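Working notes, beginning with the structure itself.
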Amino acid sequence: MMNSSGFVCFLRRSLLQLECRIIEATGLDRQFAPALAVHGPSILPHPHDEQEVTSEPSFLDNVFWMAAPKKRRTIEINRTRRRDPSFMLKVKTNIEPCVECGHLKQKHILCGFCYEKIRKETALIRGQIKAMEGRPLNTPAQETLVLYDSESPWESDKDKRIVERNRKRPSWFSIY
Amino acid sequence: MRLTIQMLISHGRVARKMGLGPESRINMLRNILTGLVRHERIETTRGRADEVRFYAEKLIDYAKKGDTDEKAMKMANFWLTEKDLIPKLFKVLAPRFETQPKAYTRMARIPNRENLDKAAMAVLEYKGNPFPPLQTAKRDNELTLINQLLKGYREQRAQQAAAKVEA
């Protein structure tokens, strides 16, 4: 906190300087005196020697107005800031083992292992479908039914196209 | 239009921003919906799956009106970019959901994508698809640690009770 009197002095000095600069720029300080005047441009740099000595350095030259820490932050203070709970990793309580396979899963997300199994089988079924269709953009207007080894379609499945898979039916893919 | 603070807060706005703008969003959703109708089960990011769900169910509602209906055919023509799926929509999907009034799709969350982006993924499917089911009925597994310990405890108690009866 700088004291008010120092601030007032600084203000007065800066205003005076500003006034001098304005007068100089407008050209009001020049007396139109003859004889020893030199022919030259009006905006010649005037000798500022008297002024330079007395004036203080301007606002932007002075580093005293920058914010800087006053004291070293102690290790205790640093520790309390760094170990604040908002920055620490949160403990997840929603992890549980999958009922089917025993791998860990989050409660609201499907088990990764079980889903991977299903995805691979789906990809193989789709491969079969692609082979059956032949060319792309050839979907028939029929339901699809997937049958495994030694399985035959029911009466109600007459209109469906049958996709054969050469393996035993997996336990997790029940017919019903 | 008054430039109020209300304009910056999305009060009651249901549609997510996707892609490069509203038109791009509709185009993206159209592509995803076409894929869903073709494959009946797709994996996308969670936001996109959630957005497409609404459009997928509305498309089935339109398809239920029948393919003679002009509006329904126009909708199907717009939303399905691959035109061999239009007969499939009207002849396979619409009859499949005749008895059901509302919920034709199922969305489930999946572990994050393996890529660098680790995007939150979801699987979206039409019910009644021919593929293996995503969720089997929950049965308590006897092989978990807790269930094994409880089983051992029950056996121990049974043995103690039997020993008491004999003595």
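All values below come from the heavy atoms of this structure, side chains included, with hydrogens, waters and symmetry mates left out. Order of the sequence lines fixes the chain letters, A, B, ..., with proteins taken first and strands second; residue numbering starts at 1 for each chain. Please read these numbers as outputs of a predicted model, since none were measured by experiment.
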Honestly curious: do [X] and [Y] fall in one hydrophobic cluster under the side-chain, below-4.5 Å linking rule?
{"X": "B:Tyr126", "Y": "B:Val92", "answer": "no"}
{"X": "B:Phe97", "Y": "B:Phe54", "answer": "yes"}
{"X": "A:Val99", "Y": "B:Leu150", "answer": "no"}
{"X": "A:Phe113", "Y": "B:Ile110", "answer": "no"}
{"X": "B:Ile32", "Y": "B:Leu93", "answer": "yes"}

(message) Would you say CD1 of B:Ile146 has more than 12 non-hydrogen atoms from neighbouring residues, nucleotides or ligands within 6.0 angstrom?
(response)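 Not buried by this count: 12 neighbours or fewer within 6.0 Å.
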(request) Might you confirm whether atom CZ of A:Arg83 has over 12 heavy atoms from other residues, nucleotides or ligands at distances under 6.0 Å? (result)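 Open.
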Atom [atom1] in [X], atom [atom2] in [Y]: separation rounded to 0.5 Å?
{"X": "B:Glu82", "Y": "A:Thr139", "atom1": "CD", "atom2": "OG1", "value": "7.5 Å"}
{"X": "A:Ile118", "Y": "B:Arg41", "atom1": "CD1", "atom2": "CZ", "value": "6.5 Å"}
{"X": "B:Asp84", "Y": "A:Arg135", "atom1": "CG", "atom2": "CZ", "value": "8.0 Å"}
{"X": "B:Phe131", "Y": "A:Arg126", "atom1": "CZ", "atom2": "CZ", "value": "4.5 Å"}
{"X": "A:Thr122", "Y": "B:His39", "atom1": "OG1", "atom2": "NE2", "value": "11.5 Å"}
{"X": "B:Asn112", "Y": "A:Ile109", "atom1": "CG", "atom2": "CD1", "value": "6.5 Å"}

Going by heavy atoms in the side chains, are [X] and [Y] under 4.5 Å from each other?
{"X": "A:Arg119", "Y": "B:Glu43", "answer": "yes"}
{"X": "B:Pro130", "Y": "A:Leu145", "answer": "no"}
{"X": "B:Pro132", "Y": "A:Ile125", "answer": "yes"}

(request) Evaluate the criterion side chain to side chain contact (heavy atoms under 4.5 Å, CB included) for residue pair A:Leu137 and B:Arg38; output intermediate values, then yes/no. (result) CA-CA 9 Å; A:Leu137 307 181; B:Arg38 171 171 289 279; 3.4 Å; yes
(message) So for B:Leu85, is it side chain, backbone, both, or neither that comes closer than 4.5 Å to the heavy atoms of chain A?
(response)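 Only the side chain of B:Leu85 comes within 4.5 Å of chain A.
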(request) Let me see the working for B:Arg109 and A:Leu110 under side chain to side chain contact (heavy atoms under 4.5 Å, CB included), right down to the final yes or no. (result) CA-CA 6 Å; B:Arg109 296 187 202 184; A:Leu110 295 183; over 6 Å; no
(message) Only pairs of heavy atoms separated by less than 4.5 Å count here; which of A:His108, A:Lys117, A:Glu121 has the most with chain B?
(response)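 The answer is A:His108.
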(request) Would you check if there is a donor-acceptor pair between the side chains of A:Tyr115 and B:Gln135 at a distance under 3.5 Å? (result)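 Short answer, no.
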(request) With a 4.5 angstrom heavy-atom cut-off, could you sort out which part of A:Asn138 is near chain B: side chain, backbone, both or neither? (result)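 Backbone only.
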(request) Tell me, out of B:Pro95, B:Ala122, B:Gly128, B:Pro133, who's got the most heavy-atom pairs with chain A below 4.5 Å. (result)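 Of the candidates given, the most pairs with chain A belong to B:Pro133.
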(request) Could you pull out the closest heavy-atom pair between B:Pro111 and A:Gly112, with the gap in Å? (result)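 Taking every non-hydrogen atom into account, CG-CA, 3.7 Å.
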(message) Would A:Gln142 and B:Lys88 count as a side chain to side chain contact (heavy atoms under 4.5 Å, CB included) here? Give the steps.
(response) CA-CA 7 Å; A:Gln142 268 182 311; B:Lys88 181 180 171 182; over 6 Å; no
